[in-house]
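All ligand and atom numbering here is 1-based and tracks the order in the structure. We use all heavy atoms of the structure for the numbers below, so side chains are in, but hydrogens, waters and symmetry mates are not. Here the structure is a predicted model, which is why all the values come from computation and not from measurement.
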Amino acid sequence: MKRIIQDLDYNQISELVVSLGQPRFRAKQLFLGITQGKRISEISVLPQSFRDKLLSEFEDCPVEIIKTLTSADGTEKYLFRLADGNIIEGVLMRYKYGNTQCVSTQVGCRMGCKFCASTLGGRVRDLTSGEILAQVLTVNALHAQGKERGVTNIVLMGSGEPLDNYENVVAFLKNVTAAEGINISARNISLSTCGLADKMRELADEGIPVNLTVSLHSTGDSERARTMPIANKWTIAEVLDACAYYFEKTGRRYIFEYALIAGENCDERHAEQLIALLKGKPCHVNLIRLNEVKERTLAAADEKQAYRFLGLLEKGGLSATLRRRTGADIGGACGQLRASYLGS
Ligand code: SAH
């Protein structure tokens, strides 16, 4: 694979332009073209000879949309092909306040959660920061209208564990929030982790106050370890300590994801335990009925059960919502589309 130009920040682009013997103003043109989601070959303000020089060193299109599925609710799901032929997926969810894009951070995942389709084939490789950024720039270009951005919010909830690809993800966060680039505010970005407590603390110290979301899904360590192997490495108490540290450093309230799995984690007893764990903490609980994955045997709680569980949490003083399932008709759950594409 050649280099990926979206890995470079504005200063690095400037150095590159000068090192290739071009006048400095070309840096602005090149950076603007990239930020607008163009391929190098499409940035027509640049002389052809300069574009050719760049193309001998850099990929023209590091992530290419090869398939788009549109749900009845407006959700769009994309299959992207990377320059080395690997496949990742992404989603754009339409809300009244804007468009939220879900991006992938790795090809596959090695965390091994039993309910998740992304981890079925293990981790193939990390994405570079530019490959993560290019997902956003490409989809933004599809939906941008004049000065209005096509992507207003980002969630790092596609395939991969963001904190297992720490350096690339932090570089991505710096570049996507940079004033001279697409400039999406950190408060409009959510990073979701299965709970790598050490990296959560490191992230708190980076000075990029994104929203932190933790996939909890269970109320006790041994129960959690049955579906989430990471629970053998970090206990819930250690994860909660890291959340408290994150809050202390960033002032950002944190969020827990809790997928309701029939017969596993949504009895009255679990509600009580969750309340005991989280009451009084500056957090919110996002409930979601499990998206059933055909390769997995776990089943979703039914709607009645889900509302009952929500009611118990609210009665116990927790801030909680039951997330509506967007894009369920197009394989909206993590890794489903890629899994079906690779399997077909
Ligand atoms: N690795 C990160 C981010 C990717 S997964 C993490 O674990 O948080 C994004 C979210 O989708 C996580 O909360 C994950 O637990 C959840 N998820 C995965 N498979 C799911 C499924 N089948 N149904 C509902 N949520 C699922």
Validation: residues 23-30 side-chain donor-acceptor distances under 3.5 Å, sequence neighbours left out:
residue, atom, partner, partner atom, Å
Arg26, NH1, Gln29, OE1, 2.8
Arg26, NH1, Val45, O, 3.4

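The shortest N or O to N or O distance between Ser192 and ligand 1 is below 3.5 Å. Considering backbone and side-chain atoms together, Gly158 places no N or O closer than 3.5 Å to any N or O of ligand 1. Looking at Ser215 next to ligand 1, an N or O pair under 3.5 Å apart turns up. Polar contact check, Gly160 against ligand 1: a nitrogen or oxygen pair lies under 3.5 Å apart. Distances between N or O atoms of His217 and those of ligand 1 include at least one value under 3.5 Å.
The distance from ligand 1 to the heavy atoms of Glu257 drops below 4.0 Å at these ligand atoms: 13 (O). Set against the non-hydrogen atoms of Cys194, the atoms of ligand 1 under 4.0 Å away are 6 (C), 7 (O), 8 (O). When each atom of ligand 1 is checked for a heavy atom of Glu161 under 4.0 Å away, the hits are 1 (N), 2 (C), 6 (C), 7 (O). Contact atoms of ligand 1 toward Phe115: 15 (O), 18 (C), 19 (N), 20 (C), 21 (C), 22 (N) (distance under 4.0 Å to a heavy atom of the residue).
Remark: Arg187 CZ is loosely packed, at most 12 non-hydrogen atoms of other residues, nucleotides or ligands lying under 6.0 Å away. When the shell of 6.0 Å around CD of Glu148 is examined, it contains 12 or fewer heavy atoms from other residues, nucleotides or ligands.
Between the side chain of Asp267 and the main chain of Arg269, no donor-acceptor pair closer than 3.5 Å is present.
Contacts between Val293 and ligand 1, counted as non-hydrogen atom pairs separated by less than 4.0 Å, involve the side chain only. Looking at Thr193 against ligand 1, only its backbone comes within 4.0 Å, counting heavy atoms. The backbone and the side chain of Met157 each have at least one atom closer than 4.0 Å to an atom of ligand 1 (non-hydrogen atoms only).
Aromatic ring pairs are classed by plane angle as parallel below 30°, tilted from 30° to 60° and perpendicular above 60°; the pair His217 and Phe115 is perpendicular.
A cation-pi geometry, defined here as NZ or CZ lying under 6.0 Å from the six-membered ring centre and within 45° of its normal, does not hold between Lys2 and Phe58.
Side-chain rings of Tyr258 and Phe256 stay apart, their centers remaining 6.0 Å or farther from each other. Ring centroids of Phe309 and Tyr307 are separated by 6.0 Å or more, keeping the two rings apart.
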